[in-house]
**Q** 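The structure's right below; bear with me while I get my questions together.
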Amino acid sequence: MIKSYSNFKVFAGSAHPELAQQIADILGVKLGDNKVGTFSDGEIFVETNETVRGCDVFIVQPTNNPVNDNLMELLIMIDAMKRASAGRINAVVPYYGYARQDRKAKSRDPITAKLVADLLTTAGADRVLTMDLHASQIQGYFNIPLDHLLGMPIIADYFIKKGFMENPEVVVVSPDLGSVTRSRKLAERLHAPMAIIDKRRPKANVSEIMNIIGDIKGKTCILVDDMIDTAGTISNAANALVELGAIEVYAACTHGVLSGPAIDRINLSAIKELVMLDTIAQPPREDMEKFVKLSVAPLFAEAIKRITDDVPLSKLFD
């Protein structure tokens, strides 16, 4: 256990209280006493039942579905801490919602990832701690410190323990061109070759497999992405790999959004196992035998410890 500190406090929003509790347990502190609820008209209220004056405050709140409620709750909690004279307010956002709207893809598009960054700053956040942004350039949208943790080492360790390191039968596959850098990092850790799926997306949440660049015939493939939402891309990719000669297919992601038909698609696909991190709380279901969830609490706890001690976070990326 990391030694106990008294100069900071960890509070949980309603999006993922289990993760906040795990982080607090690792740090050896009691989770902050606060209450989040709604009035009869749906407005969010926050009650903080202990002093935060002069403290380093860490608010753990991913902004996943319902994204608008979770984001507004985070903003209200930040505002409450600011008005209670907290020393420094740190928004711990394991999953950063609206990250996919990071540029103008066509005329009159909003850049909502920048808007959310502005909202967090205006509400009073002094720092943001997050993991695997959909686009790295979102870091530049903030005028306050942002610490961008990487989930790849956790995923890599899992596959190393399964014996996939330096295994000539293993190939890491990028499901699209946008995930090449992420897939390359896993391939480097496993000392494995890479393949790339070249696909065309005719409209949102619909993808069509075009061709595969690389040798996957007779191999065990690991598909890597930052998030899995409706699972259409990853399921189609896995099925195409098997059709083209792969023996078995694993999939891995940091953020298991799993909206709409995602779980059913994964279960019906050629994916043998989906490894994801617990940046997003998932309601328990009986049909998730293929899903493996890995904890990010130790990494976030270590980051919080380093922030409070004014120690560099760069060691976390080694």
Side-chain angles (χ1 to χ4, degrees), residues 13-16 36 38 41-44 46 59-82 89-151 174-182 199-208 225-234 253-262 279-281:
S14 63
H16 205 339
V36 179
T38 57
D41 63 353
E43 292 182 358
I44 297 168
V46 172
I59 304 170
V60 181
Q61 176 79 340
T63 53
N64 54 285
N65 185 43
V67 58
N68 297 328
D69 290 345
N70 288 334
L71 175 58
M72 194 65 198
E73 182 181 309
L74 175 58
L75 296 173
I76 293 172
M77 291 183 72
I78 291 171
D79 182 76
M81 297 299 176
K82 179 177 68 173
I89 302 169
N90 306 271
V92 181
V93 189
Y95 172 73
Y96 185 91
Y98 285 111
R100 282 174 282 186
Q101 299 180 42
D102 63 321
R103 68 195 187 282
K104 288 185 67 172
K106 61 181 185 298
S107 298
R108 295 173 294 280
D109 272 358
I111 304 180
T112 323
K114 174 68 166 80
L115 174 61
V116 171
D118 291 342
L119 289 171
L120 291 171
T121 304
T122 302
D126 297 298
R127 176 186 295 270
V128 172
L129 178 62
T130 188
M131 174 175 277
D132 280 350
L133 292 167
H134 186 64
S136 295
Q137 64 264 27
I138 294 174
Q139 298 174 73
Y141 296 170
F142 288 86
N143 293 322
I144 57 175
L146 181 139
D147 295 309
H148 186 212
L149 301 180
L150 303 178
S174 174
D176 53 37
L177 296 177
S179 296
V180 169
T181 300
R182 187 175 296 105
K199 67 177 177 61
R200 179 173 60 88
R201 186 188 296 274
K203 60 182 179 179
N205 291 330
V206 176
S207 64
E208 180 182 342
D225 213 340
D226 64 322
M227 70 173 69
I228 295 178
D229 187 357
T230 60
T233 295
I234 208 80
C253 70
T254 299
H255 309 297
V257 179
L258 304 181
S259 64
T279 55
I280 296 173

**Q** So, Asp132 side chain and Gly151 main chain: donor-acceptor pair closer than 3.5 Å or not?
**A**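 Answer holds: yes.
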**Q** Report the C-alpha separation of Leu75 and Leu120 in whole Å, then their side-chain angles, then the decisive distance to 0.1 Å, and conclude whether the side-chain contact (heavy atoms from CB on, under 4.5 Å) test is met.
**A** CA-CA 6 Å; Leu75 296 173; Leu120 291 171; 3.9 Å; yes
**Q** Just wondering, do Arg127 and Leu146 contact through their side chains at under 4.5 Å, heavy atoms?
**A**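 Side chain of Leu146 against side chain of Arg127, heavy atoms only: no contact under 4.5 Å found.
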**Q** Side chains of Lys82 and Ile89: closer than 4.5 Å at any heavy-atom pair?
**A**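 In contact.
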**Q** Can you tell me how far CD1 of Ile138 sits from CZ of Arg100, rounded to the nearest 0.5 angstrom?
**A**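 Between atom CZ of Arg100 and atom CD1 of Ile138 there are 11.0 Å.
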**Q** To the nearest 0.5 angstrom, please state how far the CD1 atom of Ile59 sits from the CE atom of Met77.
**A**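 Result: 5.0 Å between the selected atoms.
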**Q** With a 4.5 Å heavy-atom cut-off, do Lys104 and Ile111 have their side chains touching?
**A**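 Result yes, sub-4.5 Å side-chain heavy-atom pair found.
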**Q** Side chains of Gln137 and Asp102: donor-acceptor distance under 3.5 Å anywhere?
**A**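 Yes.
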**Q** Could you tell me which non-hydrogen atom of Val46 sits nearest to which non-hydrogen atom of Ala80, and how far apart they are?
**A**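 So the two residues come closest at CG1-CB, 4.5 Å.
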**Q** Consider side chain to side chain contact (heavy atoms under 4.5 Å, CB included). Of Asn64, Thr230, Ile228, Ile280, which one does Val257 pass it with?
**A**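 The single option meeting the side chain to side chain contact (heavy atoms under 4.5 Å, CB included) with Val257 is Ile280.
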**Q** Might you point out which heavy atoms bring Gly97 and Thr63 nearest each other, and give the distance in Å?
**A**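 Nearest heavy atoms, Gly97 then Thr63: N-OG1, 2.7 Å.
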**Q** Would you call Tyr141 and Leu133 a side-chain contact if the rule is heavy atoms closer than 4.5 Å?
**A**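 The answer is no; the side chains never approach within 4.5 Å.
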**Q** Would you say that Asp229 contacts Leu258 through its side chain, given a criterion of any heavy-atom pair below 4.5 Å between the two side chains?
**A**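 No, too far: nothing below the 4.5 Å cut-off.
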**Q** Looking only at heavy atoms, which two atoms of Ala91 and Leu74 are closest? And how far apart?
**A**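 For Ala91 versus Leu74, the nearest heavy atoms are CB-CD1, 4.4 Å.
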**Q** Assess the residue pair Ser179 and Asp176 against the criterion (side-chain hydrogen bond (donor to acceptor under 3.5 Å, both in side chains)); give the C-alpha distance rounded to whole Å, side-chain angles, the decisive distance to 0.1 Å, and a yes or no.
**A** CA-CA 6 Å; Ser179 296; Asp176 53 37; 3.1 Å; yes
**Q** Donor-acceptor check, side chain of His148 to backbone of Ser136, threshold 3.5 angstrom: yes or no?
**A**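 Here the side-chain-to-backbone pair does not exist.
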**Q** Between OH of Tyr95 and CG of Asn70, what distance do you get to the nearest 0.5 Å?
**A**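 Atom-to-atom, Tyr95:OH and Asn70:CG are 11.0 Å apart.
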**Q** To the nearest 0.5 Å, tell me how far Arg103 CZ sits from Thr112 OG1.
**A**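 With rounding to 0.5 Å, CZ (Arg103) is 12.0 Å from OG1 (Thr112).
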**Q** Give, for atom CG of Leu71 and atom CG of Leu119, the distance between the pair rounded to the nearest 0.5 Å.
**A**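 One finds 6.5 Å between CG of Leu71 and CG of Leu119.
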**Q** Can you check side-chain contact (heavy atoms from CB on, under 4.5 Å) on Val67 and Tyr98, steps first, answer last?
**A** CA-CA 8 Å; Val67 58; Tyr98 285 111; 3.8 Å; yes
**Q** Check for a donor-acceptor pair, side chain of Thr279 on one end and backbone N or O of Pro94 on the other, with a separation under 3.5 Å.
**A**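 Not a single qualifying donor-acceptor pair exists.
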**Q** Measure across Thr130 and Val93 and return the closest heavy-atom pair with its distance rounded to 0.1 Å.
**A**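 Nearest pair, atom of Thr130 first, then Val93: OG1-O, 2.6 Å.
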**Q** Working note: Arg182 + Asp226, criterion side-chain contact (heavy atoms from CB on, under 4.5 Å); need CA distance, chi angles, decisive distance, verdict.
**A** CA-CA 8 Å; Arg182 187 175 296 105; Asp226 64 322; 3.3 Å; yes
**Q** With the side chain counted from C-beta on, respond yes when Glu73 and Gln61 share a heavy-atom pair under 4.5 Å apart, and no when they do not.
**A**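 They are in contact (side-chain heavy atoms under 4.5 Å apart), so the answer is yes.
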**Q** So, do His16 and Val60 sit near enough that their side-chain heavy atoms are less than 4.5 Å apart?
**A**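 They are not in side-chain contact.
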**Q** For Tyr96, does its backbone N or O pair with a side-chain atom of His134 as donor and acceptor, under 3.5 Å?
**A**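 Such a contact is absent between His134 side chain and Tyr96 backbone.
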**Q** Applying side-chain hydrogen bond (donor to acceptor under 3.5 Å, both in side chains), can you list everything that pairs with Asp41, at least two apart in sequence or on another chain?
**A**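 Scan of Asp41 (side-chain hydrogen bond (donor to acceptor under 3.5 Å, both in side chains), adjacent residues dropped) gives none.
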**Q** Are there more than 12 heavy atoms of other residues, nucleotides or ligands under 6.0 Å from atom CG of Asn143?
**A**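 No, because the 6.0 Å sphere around CG of Asn143 holds 12 heavy atoms or fewer from other groups.
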**Q** Please evaluate residues Asn90 and Leu129 with respect to the criterion side-chain contact (heavy atoms from CB on, under 4.5 Å), reporting the C-alpha separation (whole Å), side-chain torsions for both, the decisive distance (0.1 Å), and the verdict.
**A** CA-CA 7 Å; Asn90 306 271; Leu129 178 62; over 6 Å; no
